[in-house]
Asks: 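The structure's right below; bear with me while I get my questions together.
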Amino acid sequence: MLPVSKIVVNCSKLCFTNKLYAQAFLSSRYSSCAAPSFEFILTEKKGEKGNVGLITLNRPKALNALCDKLVSELSQAVDHFDNDDSVGALVITGSEKAFAAGADIKEMQCQTFSSNVKKGLLKDFEKIRECKKPIIAAVNGFALGGGNELAMLCDIIYAGDKAKFGQPEINIGTIPGAGGTQRIARSCGKSKAMEICLTGSPINAQEAESMGLVSKVFPADKLVEEAIKTAEKISSHSPLIVALCKESVNTAFETTLTEGLRYEKKIFYATFATEDQKEGMGAFVEKRKPSFKNN
C-alpha cells in the first residue's frame, strides 16, 4: 500500500493530466466551431451594411467545374449564411470566364448506378435549394450542365452580356441530373426545354433573358455589383416575410394553380400574426421607414 504522501502526489499528477486533456478537448471543440476554411470557394459579406453573403466559385484551372468537394463546400457556405442573422440574401458567382462549366466529368466517368444510389450523387445540390434566404446567381461566362443547373437552383439569375447557358449532357451519353430537364421546362416551356436538352447547344445571355431563364443582363464588369444591389434591396425587408414570400413563389412551380392560390392566401393571412406586418403597415401609414425585427 502506498503512503499517503505518494497518493497525494499521484492524485495531483492525475488532476494535472486531466486538466491538460480537458484543455486540449475544449481547444479542439472551439476550433471546430470556427468558420470553415474552403479550398474551392471564397466567401465574404458585401453591401453597405454587410448584409449580403457573397460566395465565389474559385476553381479557375477547371473553369469552376463542380467536383464533389466544391459542391460540398458551397452547400456548407450557403448553410452558414442561411443561419447568419446579419445576412438577408446571398449572391453566388464565379469568374468572368466561367460561372461553372459543368460537373467534373473525370470525377464522374467511372461511377456506376449502384455507386450513385449508395453515395446519393448530387444530394448537396438539394441542400442549396433548401436555403430559406433568397439566392441570386450572377453568371458570367459559361454556365453549362451542372453550372446551369446550379444557376437555376437560385431564386434570381442575373447574367453578364457574354454569358453562355446550356445542358450539353446529351453529347456525352447522359442527361441532366440536377434539375436541368425539369426547371428549364418550368421556366421556358416544353419546346425550348426540348431544344436545349436534346441538342446540347448553348444559348447566349440575350436569348436566355428573352425566354425567361434570366431576369436581367448587365455588362460583365457590372454584373456582381448589380446582383449585390438587388440583394441589398431584398435584405432591407423583413427576413421572416421574405422567407415566406420565397416559399410561396416556389410553391407555384410545385402544385396546381388552385392549390397555389389557396397556399398563398394562407401565408398572406399568416403574415398578420407577425410583428413585422404591424411595423411595416404602421410605418407606411405614419410615413416613416420601417424597422423590422424578424418577428
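The basis for the numbers below is simple: all heavy atoms, side chains too, and nothing from hydrogens, waters or symmetry mates. Everything numeric here is computed off the predicted structure, so don't read it as measured data.
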Asks: Please enumerate all residues that pass salt bridge (charged side-chain N to carboxylate O under 4.0 Å, His left out) together with Asp82, with sequence neighbours excluded.
Replies: Lys132

Asks: Would you mind writing out the side-chain donor-acceptor pairs for residues 47-56 within the sub-3.5 Å range, not counting sequence neighbours?
Replies:
none

Asks: Measure the shortest side-chain to side-chain distance between Ile135 and Ile92 over non-hydrogen atoms and say whether it is less than 4.5 angstrom.
Replies: yes

Asks: Using modelled atom types only, decide if a donor and an acceptor are shared between the side chain of Glu149 and the backbone of Gly180 within a distance under 3.5 Å.
Replies: yes

Asks: Do the charged groups of Glu195 and Lys190 touch, with an N to O distance under 4.0 Å?
Replies: no

Asks: Suppose the criterion is ring pair (Phe, Tyr, Trp, His ring centres under 6.0 Å): which pairs have a residue in residues 239-271, not counting sequence neighbours?
Replies: Phe268-Phe272

Asks: Among pairs that include at least one residue of residues 51-70, which meet ring pair (Phe, Tyr, Trp, His ring centres under 6.0 Å), considering only residues two or more places apart or in two chains?
Replies: none

Asks: Mind checking side-chain contact (heavy atoms from CB on, under 4.5 Å) for Ser236 and listing every partner two or more places apart, or none if nothing turns up?
Replies: Lys233

Asks: For residues 209-223, which side-chain donor-acceptor pairs fall under 3.5 Å, sequence neighbours excluded?
Replies:
unit_1	atom_1	unit_2	atom_2	d
Ser210	OG	Glu207	O	2.8

Asks: Taking only residues at least two apart or on different chains, which pairs with a member in residues 175-212 satisfy ring pair (Phe, Tyr, Trp, His ring centres under 6.0 Å)?
Replies: none

Asks: Can you name the closest pair of heavy atoms from Ala100 and Leu57 and give their distance?
Replies: CB-CD1, 4.1 Å

Asks: Any ion pair linking Glu275 and Lys278 (charged N to carboxylate O, less than 4.0 Å)?
Replies: no

Asks: Mind checking what makes side-chain contact (heavy atoms from CB on, under 4.5 Å) contact with Pro168, not counting sequence neighbours?
Replies: Leu144, Asn171

Asks: Just to verify, what does Arg262 make a salt bridge (charged side-chain N to carboxylate O under 4.0 Å, His left out) with, not counting sequence neighbours?
Replies: Glu259

Asks: State which residues pass side-chain contact (heavy atoms from CB on, under 4.5 Å) with Ala185; sequence neighbours excluded, sorted by chain then number.
Replies: Ala193

Asks: Taking ring pair (Phe, Tyr, Trp, His ring centres under 6.0 Å) as the cut-off, I'd like each qualifying pair that reaches into residues 40-60, sequence neighbours left out, listed once.
Replies: none

Asks: Go through Lys289 and Glu279 one step at a time and tell me if the salt bridge (Lys or Arg N to Asp or Glu O under 4.0 Å) criterion holds.
Replies: CA-CA 10 Å; Lys289 187 176 180 179; Glu279 170 61 17; over 6 Å; no

Asks: Search all heavy atoms of Gly282 against all heavy atoms of Arg288 and return the closest pair with its distance.
Replies: C-NH2, 4.3 Å

Asks: Counting neighbours of NZ on Lys133 that are heavy atoms of other residues, nucleotides or ligands and sit closer than 6.0 Å, is the number greater than 12?
Replies: yes

Asks: For residues Ile136 and Ala231, report the shortest heavy-atom separation together with the two atoms involved.
Replies: CD1-N, 3.7 Å

Asks: Side chains of Asn140 and Glu96: donor-acceptor distance under 3.5 Å anywhere?
Replies: no

Asks: Hey, does the side chain of Ser75 reach the backbone of Lys127 with a donor-acceptor pair shorter than 3.5 angstrom?
Replies: no

Asks: Taking atom CZ of Phe142 as the centre, does the number of heavy atoms from other residues, nucleotides or ligands within less than 6.0 Å exceed 12?
Replies: no

Asks: Using the test side-chain contact (heavy atoms from CB on, under 4.5 Å), find all partners of Asn250 that sit at least two apart in sequence or belong to another chain.
Replies: Asp155, Lys246

